[in-house]
Protein chains: 2
Amino acid sequence: MAHPMTTNISRGPYKPGRIREQSRDLILQAAEAEFACHGFRGATMQRIAESAQVPKANIHYYFSNKLGLYGAVLENTLNLWDTVFNELSSHDEPADVLSRYIDAKIDFSRTHPTASRLFAKEMISGAPHLSAYLQQDYRLWFKQRMSIFESWIAQGKMDDLDPAHVIFMIWASTQYYADFEPQILIATQTQHLTEPAFVAAADSIKHIILKGCGIC
Amino acid sequence: MAHPMTTNISRGPYKPGRIREQSRDLILQAAEAEFACHGFRGATMQRIAESAQVPKANIHYYFSNKLGLYGAVLENTLNLWDTVFNELSSHDEPADVLSRYIDAKIDFSRTHPTASRLFAKEMISGAPHLSAYLQQDYRLWFKQRMSIFESWIAQGKMDDLDPAHVIFMIWASTQYYADFEPQILIATQTQHLTEPAFVAAADSIKHIILKGCGIC
DNA sequence: TCAATACTTGTCTATTTAGTCAACTTTTCA
DNA sequence: TGAAAAGTTGACTAAATAGACAAGTATTGA
């Protein structure tokens with residue numbers, strides 16, 4: 001009732017400010033972890049607020065609602081994904097291209113496990129919030145890689161396999177080390193996955209994929 | 001207040017009844033789908049009730065609470081898992097054993113996708129409700145398979161690879177076709193995965209795994 | 001047939017949840 | 001320095017949620 005909005009004497013506007021970005025990032029990070037662990041429905045704004053150590057109302061200052069926050073988290077993660085994988089694609093030998101790609105994917109699983117889990121949860125739920133992205137950038141990317149594989153096959157550089165299944169196999173194998181970490185930890189009787197363990201995983205995957213596809 | 005529990009003249013007991021099993025199964029099936037799609041926290045008793053077309057109170061007659069229902073669903077799925085995969089294990093040639101195993105896994109992904117997704121969700125969430133199982137049966141199974149691979153390597157029947165990574169790769173590749181169905185559908189521009197598609201996937205995986213491991 | 005038991009369900013409650021709001025503090029810049 | 005804008009937050013509300021309960025109905029076997 002006593003909000004100082006009566007006088008209109010403009011003394012000077014305001015600059016965008018970088019507090020905004022700081023707080024937003026803090027909330028986004030906490031939200032990513034919560035959504036990755038419990039999914040969209042299972043996550044609660046209260047838990048995200050506690051995890052980010054801000055009052056719940058502050059989240060609503062930066063994000064319209066729960067769906068808006070989730071969308072921002074997904075967008076954030078998609079950008080990260082693009083940044084990491086766009087550099088890969090060349091006219092080099094199949095062995096080099098696939099080796100680098102597998103290394104990059106395993107490294108992504110190691111350095112960004114929650115991002116990987118977030119996508120996995122979305123996919124398992126039927127990808128209700130990713131359809132737009134999947135129909136655009138993703139399909140383009142997929143078609144391009146498919147044609148690369150097909151040219152390799154035509155040149156006799158690899159076995160005559162359906163490229164789609166090869167790509168799925170690489171994705172599945174590399175993401176497994178982020179998404180199914182608990183299963184791996186119990187199977188290997190270790191407390192946490194170390195960097196050498198990821199390197200060993202990448203080496204095994206590269207060995208099997210390259211040899212298995214007849215690339216040598 | 002007027003519940004007929006006053007007179008104690010026993011005229012005859014009651015037989016277990018098979019209505020129990022019918023209703024329980026109906027609820028368990030609806031619950032499996034709901035938990036697989038939205039996780040433990042994200043699933044609601046109301047939605048499960050609507051999906052099973054029974055009043056919510058009926059669920060509480062058969063299951064103590066939400067956690068009890070979830071536990072029953074997990075137990076149900078674990079039994080199914082055991083039934084399907086326990087037959088596999090022999091002293092045959094590696095190529096036969098692995099081929100049959102990959103076929104069985106892909107077939108499980110095709111015929112029981114929700115079971116696969118339920119486990120995937122649990123794993124991604126950190127497997128908070130599966131620790132007991134994972135520590136017992138699962139670890140035993142894993143150790144046994146590991147030693148089989150090791151004997152093959154010792155006999156020069158396959159390349160010198162860490163068996164753990166080979167097993168992970170088989171699991172990842174085969175479960176992918178159940179867990180990440182939306183991604184596959186969009187990539188391959190199809191409406192739903194047909195049985196021939198699963199067979200083709202199994203063939204590709206068998207080709208790459210067997211050749212990649214030096215089993216021929 | 002009938003009483004004991006199994007099963008069903010509408011209604012209620014306490015708690016949790018997403019989201020609002022107005023009062024408040026901090027930051028900016030002229 | 002001070003006023004305007006940006007940012008913060010405790011208290012509130014309406015809806016959804018898990019679960020309890022009592023009053024029913026259906027099924028069984030003697």
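Treat the numbers as computed from the prediction; the structure is a model and nothing was measured. Order of the sequence lines sets the chain letters (A, B, ...), proteins ahead of strands, with each chain counted from 1. Worth knowing before you read on, the calculation uses all heavy atoms, side chains too, and leaves out hydrogens, waters and symmetry mates.
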Please answer whether the main-chain N or O of S173(B) pairs with a side-chain N or O of K105(B) as donor and acceptor at a distance below 3.5 Å.
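Here the side-chain-to-backbone pair does not exist.
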Is any side-chain N or O of [X] closer than 4.0 Å to OP1 or OP2 of [N]?
X: Y61(A); N: dG7(D); result: yes
X: R20(B); N: dC7(C); result: yes
X: N65(A); N: dA18(C); result: no
X: Y62(B); N: dA6(C); result: no

Over all strands shown, is A49(B) touching base, sugar-phosphate only, or nothing at heavy-atom distances under 4.0 angstrom?
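Nothing: the residue A49(B), judged by heavy atoms under 4.0 Å, touches no strand.
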Which residues within residues 22-34 of chain A lie with some heavy atom under 4.0 Å of an atom in DNA chain D?
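The answer is S23(A).
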Nucleotide of dT9(C), dA18(C), dG10(D) approaching P55(A) most closely (side-chain heavy atoms):
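So the side chain of P55(A) is nearest to dG10(D).
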Per K66(B) side chain, nearest of listed nucleotides dA18(D), dA20(D), dG19(C):
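Selected nucleotide: dA18(D).
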Please compare R41(B) and A57(A) by the position of their nearest nucleotide in DNA chain C and report the one closer to 5'.
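Residue closer to the 5' terminus by nearest nucleotide: R41(B).
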Nearest whole Å is fine: how far is [N] [atom2] from [X] [atom1]?
X: F63(A); N: dA18(C); atom1: CZ; atom2: P; value: 15 Å
X: M45(A); N: dG19(C); atom1: CE; atom2: P; value: 6 Å
X: H60(A); N: dG19(C); atom1: NE2; atom2: P; value: 5 Å
X: E21(A); N: dT27(C); atom1: CD; atom2: C1'; value: 16 Å
X: L67(B); N: dT17(D); atom1: CG; atom2: P; value: 18 Å
X: Q53(B); N: dT9(C); atom1: CD; atom2: P; value: 11 Å
X: N58(A); N: dC21(C); atom1: CG; atom2: C1'; value: 15 Å
X: Y70(A); N: dA18(C); atom1: OH; atom2: P; value: 15 Å

Please determine if R100(A) and D103(A) form a salt bridge, counting it only when a charged side-chain N lies under 4.0 Å from a carboxylate O.
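Salt bridge absent between R100(A) and D103(A).
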Only pairs under 3.5 Å count here: list side-chain donor-acceptor contacts from residues 190-200 of chain A, not counting sequence neighbours, and write none if there are none.
| residue | atom | partner | partner atom | Å |
| --- | --- | --- | --- | --- |
| T190(A) | OG1 | T188(A) | OG1 | 3.0 |
| T194(A) | OG1 | A197(A) | N | 3.4 |

Provide the closest heavy-atom pair for T77(B) versus E32(B) in the form atom of the first, atom of the second, distance.
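Closest approach of T77(B) to E32(B), heavy atoms only: OG1-OE1, 4.1 Å.
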Please determine whether ring-ring contact (aromatic ring centres under 6.0 Å, His included) holds for the pair W171(B) and F180(A), giving the CA-CA distance in whole Å, both sets of side-chain angles, and the decisive distance to 0.1 Å.
CA-CA 10 Å; W171(B) 281 346; F180(A) 292 79; 9.1 Å; no
May I ask you to check whether Y176(A) and H165(B) place their ring centers less than 6.0 Å from one another?
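For Y176(A) and H165(B), the ring centres are not under 6.0 Å apart.
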Considering residues, nucleotides and ligands other than Q53(B), do more than 12 of their heavy atoms fall under 6.0 Å from its CD?
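Atom CD in Q53(B) is not crowded, with 12 or fewer foreign heavy atoms closer than 6.0 Å.
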